[in-house]
Amino acid sequence: MSAAMLNIVMAQINLKVGDIDGNTSMVINAAEQARDTHQADLVVFPELTLCGYPPEDLLLRPSLILRTEQALHRLNAVKGIDIVIGVPGMGAHGLENQAVVLRDGQVIARYAKQHLPNYQVFDEKRYFVPGHQMATFDCKGTRLALTICEDLWFQEPAMQAREAGADLILSLNASPFHKDKQSVRRETIRQRCQETGLPVLYVNLFGGQDELVFDGGSFAMNGDGRVMTCGDYFTETLTPVRFDCGTKLFVEGHFVEEQFVEEQVAPLPDLHRRVYSALVTGVRDYVNKNGFKGIVLGLSGGIDSALTLAIAVDALGAERVQAVMMPYRYTSEMSLQDAKEEADILGVDYKIMPIEPMFDAFMNTLSSEFADSGRDTTEENLQSRCRGVLLMAISNKKGYMVLTTGNKSEMAVGYATLYGDMCGGYNALKDVPKTLVFELSEYRNSLGYVIPQRVIDRPPSAELAPDQVDEDSLPPYSDLDRIIEMYVEEDCSAETIIDEGFDRDTVYRVLRLIDINEFKRRQAVVGVRITPRGFGRDRRYPITNGWRPGV
């Protein structure tokens, strides 16, 4: 065995965008722990570590580069370990997304990201100019090449690394989660490894940032495409890995060439576990990073609010969550019983605040205005708006954030009330289709019973009118969610969706509802993104437009 054994730590940490001083302190602590606890020669951090990702228009602030350089100067105090870190840095032609290597207070290498993503949630061409050259450095006789995230989705940078004589490619990432992203990442990196024969150390960010969740899952992959070591998903972790330059392979313990296979080392979490973990992470970090004391939400006895309550408690603990039942004359006794049971099981502060006195006061004030009009959805929306007023008042008084409970199916077709159930600061289920809400509720109960089974089994209802159920005005959710998926996430035409077997009138009605409710979605709160295209940074349609769905 070669004597050139390199000890590396993958530093998968949870950063706060814009908090350069706080992020720098986290880097110093992690680097010192990697050196002292793991005897690491090298520690690798994620993309744009010092400013956090995505920094958006903070990158346009004149003081950003000065603050970044000051932060790098602070890192000079860390000796005895090489630090590879992502920073925004000024290059010859403008601002670059850089990877910087520090050794005992000196910058020994800089690399500028070559492929700047400008699709889905990414907007890097707005801020950065691309690099064009590979950068390498030596550590204990091992030549390491630098890449950043999107670079390895293309063949050229990996080939540049091989041509530069690299033994190992380091990849700094801020790769956001969606439900299929973890397997896509591994397959993409596997292609680069097999094309070049080079191993890759893939370090990913962890944590929530507005609608984005970064799931971690950093890994070391050998040149044949085998994952040898993987950091945990949805947690901060310093993961040590050993690299043998003599064989150009990652090793664990003693080196046995064929001992490790991917399934034994790093299985991917199943769909429901990874989605639920993303929802919990998004809620926790949004509340904590924005300084809220806790969460308040409306608990209706329905499945959306039940699942949201479970997510909130798992994210923050029961002591920081308040649930409020706000019944009206159409609220069933079953809903009252189920809401109380959920609150009791989870141990949250639970209040009942009837809205009928508020509703009657509004109707009395509006009586002359409505004198010649019959009852319609106006009165239904007023119920929801009474509830929104109560929740926002509690939020203002207690410093609690209102967590809204609408799902993606509802947001798609406008089945929500502006200034009513859409009031709040964050939405855990914003990108979760109703069918997946049911599945996640069953999943959460598999971990411990928290949602009464009849909440899952009963037909969904907003309970804004007598004997109301959602399917009075919407197609079955199994059909609705697939139509939404094809139109919103896959950009299918109406005729393509119809060809899959859906009723023509239903398809055109749903697509029309999606198009005309853009104005509502623009006013909706931010929420966790779990699909390849959510209603947020991914999808930007004009509110005022004459488009009609068709072929």
Side-chain angles (χ1 to χ4, degrees), residues 295-309 312 322-332 335-336 339 351-367 369-370 373-398 400-432 434 437 460-466 468-470 472-474 513-514 516-527 535-536 543:
I295 279 173
V296 60
L297 60 85
L299 191 62
S300 68
I303 192 167
D304 295 320
S305 63
L307 179 60
T308 300
L309 180 64
Q322 180 178 357
V324 184
M325 160 57 88
M326 295 166 284
Y328 185 59
R329 67 187 66 164
Y330 305 128
T331 302
S332 68
S335 294
L336 287 163
K351 299 290 194 307
I352 299 177
M353 299 181 183
I355 64 167
E356 192 147 356
M358 294 174 61
F359 180 87
D360 290 344
F362 277 118
M363 291 302 295
N364 287 335
T365 301
L366 292 164
S367 59
E369 186 70 19
F370 291 177
S373 303
R375 196 176 183 93
D376 57 21
T377 56
T378 303
E379 286 76 13
E380 295 184 12
N381 289 339
L382 185 55
Q383 295 170 51
S384 182
R385 288 174 179 141
C386 288
R387 294 179 173 117
V389 168
L390 288 176
L391 291 174
M392 291 307 300
I394 294 170
S395 172
N396 293 160
K397 186 62 70 174
K398 293 187 174 181
Y400 278 20
M401 185 195 74
V402 178
L403 189 62
T404 63
T405 61
N407 57 65
K408 187 172 189 174
S409 308
E410 296 170 348
M411 294 310 303
V413 297
Y415 201 68
T417 303
L418 280 171
Y419 326 120
D421 57 318
M422 290 176 65
C423 281
Y426 201 70
N427 185 349
L429 305 183
K430 183 175 181 178
D431 200 29
V432 182
K434 188 76 169 189
V437 169
S461 171
E463 292 193 324
L464 298 173
Q468 183 184 55
V469 295
D470 290 359
D472 291 339
S473 51
L474 296 173
L513 286 171
I514 293 172
I516 66 175
N517 279 287
E518 182 64 25
F519 81 101
K520 278 191 180 181
R521 293 190 291 270
R522 290 286 186 95
Q523 299 181 68
V525 300
V526 68
F535 291 123
I543 295 173

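Along the sequence shown, the residues carry numbers beginning at 1.
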Look only at the side chain of Lys520 and the backbone of Gly414, and say whether a donor-acceptor pair between them is shorter than 3.5 Å. yes
Evaluate Gln322 against Lys351 for side chain to side chain contact (heavy atoms under 4.5 Å, CB included), listing each step before the verdict. CA-CA 8 Å; Gln322 180 178 357; Lys351 299 290 194 307; 3.6 Å; yes
Measuring from atom CG of Asn364 to atom CG of Leu366, what distance do you get when rounded to the nearest 0.5 angstrom? 9.0 Å
Gln523 and Tyr419 side chains, donor-acceptor separation under 3.5 Å: yes
Using every non-hydrogen atom in the two residues, find where Ala412 and Asn517 come nearest and quote the distance to one decimal. O-CB, 4.3 Å
Are any of the side-chain heavy atoms of Met363 and Glu379 separated by less than 4.5 Å? yes
Side-chain donor-acceptor pairs under 3.5 Å in residues 421-431, sequence neighbours left out?
from   : atom 1 : to     : atom 2 : distance (Å)
Asp421 : OD1    : Ser384 : OG     : 3.3
Asp421 : OD1    : Thr417 : N      : 2.7
Tyr426 : OH     : Asp210 : O      : 2.8
Asn427 : OD1    : Leu429 : N      : 2.9
Asn427 : OD1    : Lys430 : N      : 3.3
Asn427 : ND2    : Gly406 : O      : 2.9
Lys430 : NZ     : Val525 : O      : 2.8
Lys430 : NZ     : Phe535 : O      : 3.1
Asp431 : OD1    : Lys408 : NZ     : 2.8
Asp431 : OD1    : Thr531 : OG1    : 3.1
Asp431 : OD2    : Ile530 : N      : 2.8
Asp431 : OD2    : Thr531 : N      : 2.7
Asp431 : OD2    : Thr531 : OG1    : 2.8

Nearest heavy atoms of Thr331 and Ser335, plus distance in Å: CG2-CB, 4.1 Å
Would you check if Pro327 and Ile355 make a side-chain contact, meaning some heavy-atom pair closer than 4.5 Å? no
Pairwise side-chain contact, Leu391 with Leu297, heavy-atom cut-off 4.5 Å (strictly under): no
In Å, rounded to the nearest 0.5 Å, how long is the span from OG1 of Thr405 to CG of Asp304? 6.0 Å
In this structure, CD of Glu356 is separated from CZ of Arg329 (nearest 0.5 Å) by 4.0 Å
Could you tell me the separation between the OG atom of Ser395 and the CE atom of Met401, rounded to the nearest 0.5 Å? 8.5 Å
Taking the side chain as every heavy atom from C-beta outward, state whether Leu418 and Phe519 have any pair of such atoms under 4.5 Å apart. yes
Quick one: CZ on Arg385 to CZ on Phe362, what's the gap to the nearest 0.5 Å? 10.5 Å
Any chance the side chains of Ser305 and Thr308 put a donor and an acceptor closer than 3.5 Å? no
Apply the side chain to side chain contact (heavy atoms under 4.5 Å, CB included) test between Val402 and each candidate in Val324, Val296, Leu390, Ile295; give the one that qualifies. Val296
Determine whether a donor-acceptor pair (N or O, by modelled atom type, separation under 3.5 Å) exists between the side chain of Arg387 and the backbone of Met326. yes
Can you tell me how far CD of Glu380 sits from CD of Gln383, rounded to the nearest 0.5 angstrom? 6.5 Å
